Amino acid sequence: MTLLKIDRLSLTIHGTPILKDVSLNVDPGRILGVIGESGSGKSITAFSVLQLLPNGTECTGSIRLSGTDILTCSEPKLCGIRGRDVGMVFQEPMTALNPLQTIGAQVAETILVHENVSKAEATKRAAEALQRAELPQEKFPLSRYPHELSGGQRQRVVIAMAIALKPKLLIADEPTTALDVTTQAQILDLLKRLVAEDNMGLMLISHDLAVVADLADDLVIMQQGDVVESGPAQALFGAMQHPYSRALLEASSHVPDRVGEKHETSLLQVRNVVRDYQQHVHGWWGATTHFRAVNNVSFEIQRGESLGLVGESGCGKSTLTRAILGLEEVQGGEILFDGQPVYTHHHANKDVRRRMQVVFQDPYGSFNPRWRVEKLVSEPFHLLQTPLRGQEREDAVVEALESVGLGAKDRHKYIHEFSGGQRQRIAIARALIIKPDLIILDEAVSALDVSVRAQVLDLLADLGDRFNLTYLFISHDLSVVRSITDRVLVMKSGEIVEDGPTDAVFDHPSHDYTKQLVAAAPVLPVGAV
Amino acid sequence: MSLLFHNRSFLPGIILTTVFAAAALISLAWVPYDTTILNIAEKLKTPSLAHPLGTDQFGRDILSMIMVGARTSIAVALVAVGIGMIAGVPLGLAAAARKGGLLDEVIMRMNDLVFAFPSLLIAVMITAVFGASALNAIIAIGIFNIPVFARLTRGAALTLWSREYILAARVAGKGQARISIEHILPNVANLLIVQGTIQFSLGILAEAGLSYVGLGAQPPTASWGRMLADSQTMISFAPHLALFPGLAILLTVLGLNLLGDGLRDLLDPKLRRART
Amino acid sequence: KSDIVVAMQLEPPHLDPTSAAAGAIDSVLYSNVFEGLTRFGPDGSVNPGLAESWSISEDGKTYTFRLHEGVKFHDGSDLTAEDVKFSLDRARGEDSANAQKALFAGIESVEAIDPTTVKVTLKEPNGSLLFNLAWGDAVIVAPESIADIKSTPIGTGAFKFSNWVQGDRIDLEKNADYWGTPAKLDNVTFKFISDPTAAFAAVMAEDVNAFVGFPAPENLPQFEADPRFQVLVGSTEGETILSTNNKQPPLDNPKVRKAIAHAIDRQAIIDGAMFGYGTPIGTHFAPHNPDYVDLTGLSMYDPELSKELLAEAGFADGFSTTLKLPPPSYARRGGEIIASQLRAVGIETEISNLEWAQWLEQVFKGKDFGLTIVSHTEPMDIGIYARPDYYFNYDSPAFKELFEKLTVENDPEKRSELLKEAQKMISEDYVNGYLFQLAFPTVANAKIKGLWKNQPTQATDLTAVYWED
Amino acid sequence: MLRYFLKRLLSLALSLVAASVVIFLVLEVVPGDPAAYMLGLNAQEDTLNALREQLGLNGTILERYLSWAGGLLTGDFGVSYTYRTPVAEMIGDRLWVSLPLALYALTLSTLIAFPAGIWAASRRGSFVDTGVMGATQLGVAIPNFWFAMLMVLVFAINLRWFSAGGFAGWDAGFLAGMKSLTLPAIALALPQASILTRVMRSSLLDTLSEDFIRTARAKGLTRAQAMWRHALRNALIPVLTIMGLQFSFLLAGAIIIENVFYLPGLGRLVFQAISARDLIVVESVVMLLVFAVIVVNFAVDLAYALVDPRLRRRR
Ligand SMILES: Nc1ncnc2c1ncn2[C@@H]1O[C@H](COP(=O)(O)OP(=O)(O)OP(=O)(O)O)[C@@H](O)[C@H]1O
Ligand SMILES: Nc1ncnc2c1ncn2[C@@H]1O[C@H](COP(=O)(O)OP(=O)(O)OP(=O)(O)O)[C@@H](O)[C@H]1O
Ligand SMILES: [Mg+2]
Ligand SMILES: [Mg+2]
C-alpha cells in the first residue's frame with residue numbers, strides 16, 4: 001500500500017496559486033526525489049504533508065498518509081502525526097535547532113511529546129537515536145549545545161530528532177544544500193541507510209539533479225507549482241519527455257565552449273602568502289588570539305588562463321581573494337601583479353588594483369539597494385586617475401551592460417528590479433567596466449539556479465575569449481570548476497594541497513583530500529540524455 | 001502611495017503630527033489671543049465660543065497657550081534630536097568603520113558612560129549650572145540623544161560593513177570615510193528617520209517633564225509642561241487647565257510614535273518586498 | 001483623640017534653631033521643644049518665657065532676668081543661669097554659626113548671678129532686646145546637648161523630640177515633666193509635603209489633620225466650603241515686595257521707580273497670584289502693626305501716569321530689565337503678572353526663574369538683577385533700608401540718620417513717630433514696589449482648636465492645641 | 001570566564017572613576033554657596049566663613065575630590081552640609097523607599113508586560129493584538145506625572161482607596177508600606193510596562209518565525225507548546241536588556257513621581273539637595289545611581305550567560 005499519496009493537490013496562499021494539481025506517491029522503503037528550481041513549490045508541498053503552512057493557505061485535493069486524510073485532520077490529531085508518523089529534516093542546520101537547549105533535550109522532546117515515558121527513558125532513547133545518526137555518545141554527549149557542533153553534526157541532530165520514533169515517512173527538504181560536498185555525501189549516505197534499516201519512505205527534496213540522481217528510486221520534477229514529469233529514476237533519466245526536465249538536465253551538466261588561448265606570461269604571482277587574523281575576543285582590551293586563515297600559499301596565474309580554486313567552506317578562499325585584491329595586508333610573503341606588488345606602504349597599490357576586478361557570490365547583497373544600475377556599474381571608475389565623465393561615462397556603462405546581455409535602458413533601474421541571474425550579469429558588467437586583466441569570481445554562480453548558472457557560465461566563457469580575460473574562479477562545486485577552468489588549485493585549511501590541469505587533478509587525484517572531494521561530489525548518471 | 005494610506009499607524013500618526021506641527025507654525029503668525037497679556041478678570045473660564053478651551057488662572061486663552069506650547073515643545077525636541085543626530089551619527093559611522101579599534105572602544109565606552117547617568121538628574125544639574133531655559137533643556141535632552149544615535153548607527157553600519165557591496169566599493173578603491181558616506185549613510189537613513197521620530201516623541205515628553213519641574217522654557221513663553229505644573233493644584237475645580245495640555249502632550253507623542261511605526265513598516269524593504 | 005498630624009511645606013535641614021536660617025526649624029521646634037527667655041504670643045506680643053520676670057536698669061543697659069524654678073531639660077538636667085549664659089555667649093561668639101547673630105550684637109556681657117538669675121549688659125541701650133530674645137535663634141540650649149543637637153534636640157518645651165524620618169516626618173511626644181501648663185496632645189507628627197498638589201491631596205484625603213502655611217491659595221475656597229475643614233487665614237511678617245536694584249540704571253532714577261510703582265495693579269496681583277489672599281501694602285511694614293501707615297495711595301495703579309513719568313524720565317519708548325524670581329509661587333505667579341503689567345506701559349522684563357541658591361548667589365549676594373520679587377518675613381525689618389550694602393542698594397543718608405535715632409530711642413510715643421516717618425520715607429523714595437503682606441493660610445480639621453492663626457514668627461505652637469469632641 | 005570577568009570588572013571600575021570625575025566637576029561649577037543657602041538673608045560674612053570652614057568647603061578642588069572619592073571607596077560618603085548627618089545613612093534610609101518602589105514597579109510592569117506581550121504575539125493581527133498594541137501606544141505617550149495626577153484625583157481624592165501620597169514606613173507593616181507605594185508604582189510602571197510589552201511581543205514574533213520553531217512544530221509540538229518551550233526563553237534576551245535599562249531608569253526616573261507622591265526617596269532627596277546646594281549629597285546619590293546602572297547592566301550581561309549557553313562558552 002502506498003505510504004503517502006498526494007492527489008491533485010492545489011494550494012493558494014492569500015489567493016495566490018502556489019501549487020496546481022500536484023500528485024505524487026511515496027512507498028515504504030523507497031526514496032522519492034523531488035526536483036525543481038527555486039520557487040517551484042517543493043517546500044510548500046513538503047509542508048502541506050505536515051500541514052505547517054503559512055497563514056492564509058487553502059488546500060484542495062487530498063493528501064493521504066497510510067490512508068488517513070491529512071487535510072481533514074483536526075489540529076490535535078495532526079500534532080500526533082507530526083514527529084511520530086512523519087519526520088522532517090530542513091535545509092538550514094545552523095538555525096533549525098533551539099540554541100538554548102541541549103541536543104539531548106531536543107531529541108528527547110520528540111519522544112516525550114508523543115509517548116508517555118519517563119524522562120530517563122526518553123533520554124536513553126534519544127542517545128540511541130543520536131547513535132544511529134552517527135553521533136556517538138562518547139564524542140557527542142547529550143549535554144552538548146547546538147553551537148558546539150558543526151553544520152553537518154547539527155544536521156545529524158535534526159535527523160536523529162526526525163527518526164527518533166521511527167516514523168513511516170521522512171521528509172528531507174534540501175537537507176544538504178548548506179553543507180560541504182564531503183559532508184553532503186555522508187549525510188546522504190546516512191539517510192539512505194536509515195531508510196533501508198527502518199523501511200521508511202523518504203521524500204528527498206533538492207534543486208540539485210545530481211544529488212537526487214544518486215539516491216532516488218523515483219523522481220518528481222516540479223516547475224512553478226506543477227509536476228511536469230514523474231516516474232522511476234532510472235527510466236526517467238534515460239528518457240525525459242518534458243522540455244523543462246530536459247533543459248534542467250542539460251543545464252546541470254552544461255560545459256561552456258571556450259577557445260582558451262593562453263599566453264605563457266605570468267600575470268599574478270602569489271609567493272608564500274600568510275594571512276593571520278587577530279581576533280579581539282572581548283572588545284579592545286580583551287585577549288587577542290591569532291588564527292592563520294592562509295598559510296604559506298604560492299601559485300601563479302598565466303595571462304589568459306582560467307584558474308580554479310576549490311576547497312571546503314572556511315578553508316581560506318575568500319581570504320586569499322581579499323589579499324590578492326590588496327584589501328587586506330598579508331602577514332608574510334608577497335603578491336605581485338605583472339611584477340608589481342599589490343600592496344605597498346600599508347595601502348593598496350592603485351596602479352595594479354585597477355587591473356583586477358571581482359564578482360561576488362550573493363547576487364542580492366553585492367549591490368547598494370539605493371543606487372541605480374548606472375551608478376553601481378560605474379563605481380570602479382573611482383580607481384582611475386581621471387574618471388570618465390558625462391557622455392563618455394554613460395557610453396562605457398551602456399557598453400558594459402550590453403556586453404553582458406542587458407539593455408542600455410536597464411541602467412536607470414534599481415537593483416531590486418532584476419532577477420538573480422540578471423544581477424550577476426550586472427556584477428560582471430561592473431567588473432568589466434574598467435577593462436581589467438584579471439577577474440576574480442568568488443562563488444559567482446553558487447547561488448544561481450542551474451539553468452541561470454549555465455547561462456552565466458556561457459557568458460563568462462564568451463567574455464573571457466572576447467576580451468582576453470584571466471579568471472581566478474573560486475567555487476566549492478567541482479563540476480562547475482571542471483567546466484570552466486584550465487588549471488585548478490585544491491585548498492584545505494589555508495594551504496594548497498594539490499594543483500595541476502583541471503582534468504588531470506579531477507580524474508587522477510593524488511592528495512587524499514582531493515580524492516575525498518572528488519569521490520563525494522555527486523554526479524549525474526552517465527548516459528543521461 | 002496607496003500604501004501610505006493603508007498603513008494602520010501611518011495615517012493617524014501623520015494626521016496628529018501635522019495638526020500639532022500646523023498649530024506650532026500658525027502660532028508664529030497668529031494666535032487667537034496674545035498669551036503674554038494677562039487678564040485676571042477673565043480667569044478660569046470654562047470652554048466657550050470665545051475661548052474654545054477655556055482660560056487659565058491668569059485669564060489667558062488656553063488654545064493660544066497650547067499653540068505656542070506646541071512651538072516650544074517641537075522646537076526643543078527637534079533641535080535636541082538634531083544635536084543627537086549631528087553628533088551621534090558620525091560617531092557611530094566612525095566607530096563602525098574602525099570596529100574593534102581604539103576609536104570604536106573609546107566612542108562606545110563614552111556612550112555607555114552617558115547612558116549610565118540618570119538623564120533627568122543631569123538635566124537638573126545642567127540647568128543648575130546654567131540656569132533654566134529652553135536652550136539648556138535642548139542641551140540636556142540633546143546630550144542623551146547622542147549615544148542613542150551613535151549606537152543605532154554603529155549597529156546598523158556594522159551589519160552593512162559585512163555586505164558584499166561594501167566589499168565591491170573597497171575593490172573600487174574607496175576609503176572608509178567615503179564608503180561610510182556613500183554607502184552606509186543612505187542605507188541607515190531609514191532607520192535614523194524612524195528612530196528620529198521616536199526620539200522626537202521622547203524629546204517632547206522630556207521637555208514636558210523638564211518644564212514641569214520648572215527647568216524648561218521660561219515664562220512668558222508658554223510650554224505644555226509648565227501649564228501642567230501651574231494647573232495641577234487647580235485640577236479639582238478647573239480640570240480643563242490640566243486636561244488640555246496633558247492631552248496635547250499625549251496626542252503629539254502618540255502621533256509621533258504612530259508615525260515612527262508607520263514609517264518603519266513603509267521604509268522596511270523586507271516588508272515592502274513582501275507586499276509587492 | 002490626642003494625636004495630631006500637622007503638615008508643612010518645608011522640612012528642617014537639621015534641628016538646631018540656633019545655627020541656621022531655615023524657618024522650618026522654628027516651625028517645628030519653636031515653643032514646642034525649645035524656649036527662650038521671652039516668647040512671642042499668637043498676636044506677636046512679647047511675653048515671659050523661661051524668664052519669669054526681668055528688671056531693666058535706669059540707663060537701659062542692664063537687664064536682669066529671673067528664671068522659672070524647677071525647669072528641666074528633656075534629658076532630665078535642670079535649667080540654670082549657666083545654661084542661659086552659655087546659650088547667649090554661643091550665639092554671639094566669634095565662631096558662631098547663628099544666622100541672626102546681629103540680634104546679639106549689642107550685648108556686652110552675660111553673667112549668671114545665681115542659678116536662677118541672669119544679668120545681660122548692653123553696650124548701648126536697645127529698645128528691642130526683649131523682642132530679640134524671643135526669636136527662635138535665641139532659645140536656650142544645654143551645653144551637654146550641643147554635640148548632637150542637630151539630630152537630637154533637647155529643650156525645655158512642652159513636647160519632647162522623639163523621632164525623625166528624614167524626608168518624611170518628625171515625631172514629638174508630650175513632655176510629662178513640663179514646668180508650665182502641660183500640652184493637651186500626647187503625640188504630634190510633623191509631615192513635610194513641599195508639592196502644592198500633594199498638599200491639597202493630602203488634606204483632602206485627610207492624610208494630615210492640619211496643614212500650616214498651605215501653599216496653594218487657589219484651593220482654600222474649596223476647603224472653606226467643605227464642612228470637614230476650617231481655614232484660618234492669618235497674617236505674617238512677610239512684606240512681599242518687588243525689590244528693585246536702586247543702583248542699576250535706569251532703575252536708579254526715582255521717576256522710573258515711581259513709574260513702575262504706578263504700573264502695578266496690586267489687586268490684580270493679589271487676585272491672580274494669591275487668589276485674593278493678602279493685604280495690599282504701600283510700604284515695608286506689617287499692616288497689623290499698630291504703627292502701620294497706609295501708604296498705598298502713593299502708588300495707585302495708574303498706567304497713564306506711569307507712561308507719563310517714563311516719558312519725563314526719558315524712557316518714552318520704555319526699556320528692558322531683568323526680573324529674577326525665586327521658587328515660591330507668590331514670586332513665580334506674581335512675576336508673570338507684573339511682567340505683563342509692566343509690558344503694558346512699555347517696560348520689557350526678561351523673566352528667569354531661579355532656585356533659592358541661585359537667587360541668593362545672583363540677586364542677594366551678587367546684586368546682579370533689575371527686579372525681583374521676594375517676601376521679607378523677618379519681623380520688624382525696616383532696618384534693612386539703613387544698610388546701603390543690602391541687595392536693593394538703597395543708600396539714603398537721611399534714612400540712616402532716622403534709623404539711628406530710632407535705635408537708641410526708648411520712648412514708645414517717639415518710637416512710633418519715627419517708625420511712621422521711616423515708612424513714609426521709603427515709600428516716597430519708591431525704593432521698591434510694595435505689593436502685599438503675605439497671608440498665612442492654615443487648613444485644619446474642623447474639630448481642632450487652639451491653632452495659631454497669625455505668624456508673628458515662624459512657629460507652629462501646638463502647646464495649646466486640642467481636639468474638640 | 002574568570003579572566004573575562006576580571007576584565008569586565010576593570011572596565012567597570014574605570015567607568016566609575018570617569019563618572020566620579022565628571023560628576024564632581026559638573027557640581028564644582030554649579031553656582032551657589034551651600035553656606036549662604038543655609039544661613040539665609042541676614043547672614044554675616046564671618047558667620048559664612050566659619051560655616052564654610054566647618055563644612056570643609058575651603059580646600060582646593062583636588063583635595064576635595066580626593067577626600068570625597070577616597071571616602072566613597074571606604075564607604076564613607078561624607079556628612080551632608082544641610083542635614084549634618086552622614087550621607088551614607090541618609091542614602092540608606094531613602095533607599096528603603098526607592099528600591100522597593102523600583103522593584104515594585106518593575107514587578108508590576110513585568111507582570112503586565114509578559115502576559116500582554118505573549119498574548120498579543122500569539123494572536124498576531126487579531127483584535128486582541130490591535131487592542132494591546134493600541135493600549136501600549138497610549139501607555140508610552142502618557143506623561144507619567146500627568147497620569148499620576150489623574151490617579152491621585154481619582155483614587156485618593158475621589159474614591160479614597162489610597163492615601164494621596166507619603167510613605168507609611170515599613171514599621172507600619174509590610175502591607176501598609178506596599179499600599180503607600182502602590183499608586184506611585186503604577187504611575188512608574190505604566191510606561192515601562194508598555195515598552196516592555198512591545199519589546200516582548202516583537203521579540204516573540206521574531207523568535208516564532210525562526211527555523212527552530214518550525215522544527216519543534218514538525219516534532220509534533222502544538223503551537224502553544226512551541227511557544228512556551230522554545231520561543232519564550234529565546235525571546236527573553238532583548239527583553240532582559242530592556243529590563244536592565246529600565247531598572248536604572250526606575251531608580252532615577254522616580255524623581256518626579258516621588259515629588260508628586262511626596263515619598264521620602266532618593267529622587268526627592270537629590271532634588272532637594274541640588275536646590276539646597278548640598279553638593280556632597282548630590283554627588284554621592286548621582287554616583288550611587290551611576291554605580292547602580294553600571295552594576296545592573298553588568299548583571300544583565302551575566303544573566304545573558306545564564307539564559308544563553310552560546311555566551312557561556314565564548315567567555
Ligand atoms: N509564507 C509564504 N507566503 C506567501 N507565499 C509563499 C510563502 N512561502 C512560499 N511562498 C511562495 O510559494 C512558492 C513556492 O515556494 P517554495 O518555498 O515551496 O519553493 P521551493 O521550491 O522550495 O524553492 P527553494 O528551492 O528556493 O526552497 C514561491 O513562489 C514562494 O514565493
Ligand atoms: N575578518 C575575519 N576575522 C577573523 N577570522 C576570519 C575573518 N574572515 C575570515 N575568517 C576566518 O578565516 C577562515 C577562512 O575564511 P574564508 O572566508 O576565506 O573561507 P572560504 O574558503 O571563503 O569559505 P566559504 O566557502 O564559506 O566562503 C575561516 O575560518 C574564517 O572563520
Ligand atoms: Mg524550499
Ligand atoms: Mg568565501
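Throughout, a chain's letter reflects where its sequence line sits, starting with A, and its residues are numbered from 1. Since this is a predicted model, take the numbers as computed values, not measurements.
Heavy atoms of A:Val86 lying under 4.5 Å from chain D belong exclusively to its backbone.
Contact count versus chain D (heavy atoms, under 4.5 Å) is highest, among A:Pro167, A:Gly83, A:Pro146, for A:Gly83. Taking chain A as the reference chain and counting heavy-atom pairs below 4.5 Å, the highest number among D:Thr222, D:Asp211, D:Ile213, D:Thr207 is found for D:Asp211. Comparing A:Met88, A:Gln101, A:Glu92 by heavy-atom pairs within less than 4.5 Å of chain D, the highest count is held by A:Gln101. Looking only at heavy-atom pairs under 4.5 Å with chain D, the residue among A:Gln51, A:Gln106, A:Glu109, A:Arg84 that has the most is A:Glu109. Your options are D:Glu210, D:Gln225, D:Arg229, and the one with the most heavy-atom pairs under 4.5 Å with chain A is D:Arg229.
Across D:Ala218 and A:Leu50, no two heavy atoms sit closer than the pair CB-CD1, 4.0 Å. Contact between D:Gly220 and A:Val113 at its shortest, heavy atoms only, is O-CG1, 3.6 Å. When every heavy atom of A:Met161 is checked against every heavy atom of D:Thr215, the shortest pair comes out as CE-CG2, 3.0 Å.
Annotation: D:Arg64, atom CZ; neighbour count of heavy atoms from other residues, nucleotides and ligands within 6.0 Å is above 12. Shown here is D:Phe291, whose CZ atom has no more than 12 heavy atoms of other residues, nucleotides or ligands within 6.0 Å. Counting heavy-atom neighbours within 6.0 Å of A:Gln137 CD, excluding the residue itself, gives a total above 12.
A salt bridge links D:Arg217 with A:Glu75; the closest basic N to acidic carboxylate O contact falls under 4.0 Å.
Distance check: A:Arg82 CZ to D:Lys219 NZ gives 13.5 Å after rounding to the nearest 0.5 Å.
A:Pro99 places a side-chain heavy atom less than 4.5 Å from the side chain of D:Asn234.
When A:Thr95, A:Leu100, A:Asn98 are each tested for a side chain to side chain contact (heavy atoms under 4.5 Å, CB included) with D:Phe212, only one passes: A:Asn98.
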